[in-house]
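Step one of this worksheet: look at the structure below.
Predicted model, so just to flag it, every value in this text is computed and none were measured.
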Amino acid sequence: MSLPDPRKTEVARLLRRITLCGLIASVAMVSACTVRPLYSSAPLFAGSQAGAAAELRSISIKPVDTRYAQQVRNNLIFALGQGAGEPGSPAYSLDLGVTELVESAAFVRTQTDENESTAGTVTLTASYALTDAKTGTTIATGKRSITSSFDKPRQEFASYRAQIDAENRAARELADLLRLSIAQDLVKHGKTAAG
């Protein structure tokens, strides 16, 4: 029978300590994570009594002047209010500006010397400013865009209707994108206001 080698036991103790320190460090890093769903019912930020859905429902959107901007506004009101419409006493006000760019995307050579457009794209770009209704201070500003493509048949009305459908699709997607951006802006604002 032989005695244990003191060098091997010293190395074993050192490895155990390193492993234990690594385990403690990884537990500390994991516990420091504060990831949570953006649309959870928990308060949106420290000091807030309302969850994300309630904060988003308290946003009033100012009127707009074009058909496609009204489509974005209507979809955004529905998304923010979860179908309930605009709030009676809003905590926030949203100033929304929407621009449109319609371009031809594909051309086909016809019997004549001219090329005929057969596809197009509609790009809707929204710029917004979110303000606190009580103080009038601007909380956040941003700009988002969505592109939607469409076929352009030879019939004029069918081509026009295809463009309108593309505008409507882009308006729905843009409203969803704006809802996410505004929710993120509210979380950022809550963090800066609380801390």
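- Within the 4.5 Å cutoff, the side chain of E100 has heavy atoms near those of the V122 side chain.
- Taken from CG in D95 to OG in S127, the straight-line distance is 8.0 Å, to the nearest 0.5 Å.
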Problem - Audit row: T123, T147, side chain to side chain donor-acceptor pair (under 3.5 Å) steps and yes/no - result: CA-CA 4 Å; T123 303; T147 300; 3.2 Å; yes
Practice task
Give the C-alpha distance, both sets of side-chain angles, the deciding distance and a yes or no for side-chain contact (heavy atoms from CB on, under 4.5 Å) between T121 and L101.
Solution key: CA-CA 8 Å; T121 60; L101 175 64; over 6 Å; no
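- Under the 4.5 Å side-chain heavy-atom criterion for grouping Ile, Leu, Val, Met, Phe, Trp and Tyr, L177 is connected to Y92 within one hydrophobic cluster.
- Atom CD of Q184 and atom CG of L186 lie 10.5 Å apart (nearest 0.5 Å).
- In terms of heavy atoms, A175 sits closest to N75 at CB-CB, 3.5 Å.
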Practice task
Evaluate the side-chain contact (heavy atoms from CB on, under 4.5 Å) criterion for residues I59 and I77: first the C-alpha distance (whole Å), next the side-chain angles of each, then the deciding distance (0.1 Å), finally the verdict.
Solution key: CA-CA 9 Å; I59 298 174; I77 288 171; over 6 Å; no
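- The two atoms that bring S104 and K152 nearest to each other are OG-NZ, 3.6 Å, heavy atoms only.
- Taking the side chain as every heavy atom from C-beta outward, T125 and V98 never approach each other to under 4.5 Å.
- Remark: S89 OG to K134 NZ distance equals 9.0 Å, nearest 0.5 Å.
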Exercise for the section: Verify side-chain contact (heavy atoms from CB on, under 4.5 Å) between L94 and L76, making sure each step is shown before the conclusion. Expected result: CA-CA 11 Å; L94 185 73; L76 190 55; 3.6 Å; yes
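- No donor-acceptor contact under 3.5 angstrom links the side chains of T138 and T131, judged on distance only.
- Annotation: side chain of V72 is in contact with side chain of L178 (closest heavy-atom distance under 4.5 Å).
- Distance check: Y68 OH to E167 CD gives 8.0 Å after rounding to the nearest 0.5 Å.
- A salt bridge is defined here as a Lys NZ or Arg NE, NH1 or NH2 lying under 4.0 Å from an Asp or Glu carboxylate O, and D176 with R172 fails to meet this definition.
- For the pair L130/I182, a side-chain contact is recorded, criterion being any heavy-atom separation below 4.5 Å from C-beta on.
- Looking at heavy atoms from C-beta onward, E173 lies out of side-chain contact with S148 at the 4.5 angstrom threshold.
- A donor atom on one side chain and an acceptor atom on the other are found under 3.5 Å apart for D185 and Y128.
- In terms of hydrophobic clustering, with Ile, Leu, Val, Met, Phe, Trp and Tyr side chains grouped at heavy-atom distances under 4.5 Å, I146 and I164 are assigned to different clusters.
- Of the possible donor and acceptor atoms, none in the side chain of R161 sits under 3.5 Å from a partner among the backbone N and O of E156.
- Side-chain contact between R144 and L174 is present, with at least one heavy-atom pair separated by less than 4.5 Å.
- Taking the side chain as every heavy atom from C-beta outward, D165 and Y160 never approach each other to under 4.5 Å.
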Practice task
Applying side-chain contact (heavy atoms from CB on, under 4.5 Å), run through Q70 and R67 and close with a yes or a no.
Solution key: CA-CA 5 Å; Q70 187 64 41; R67 191 202 74 78; 5.7 Å; no
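- Across all non-hydrogen atoms, the minimal contact from R169 to S149 is NH2-O, 2.6 Å.
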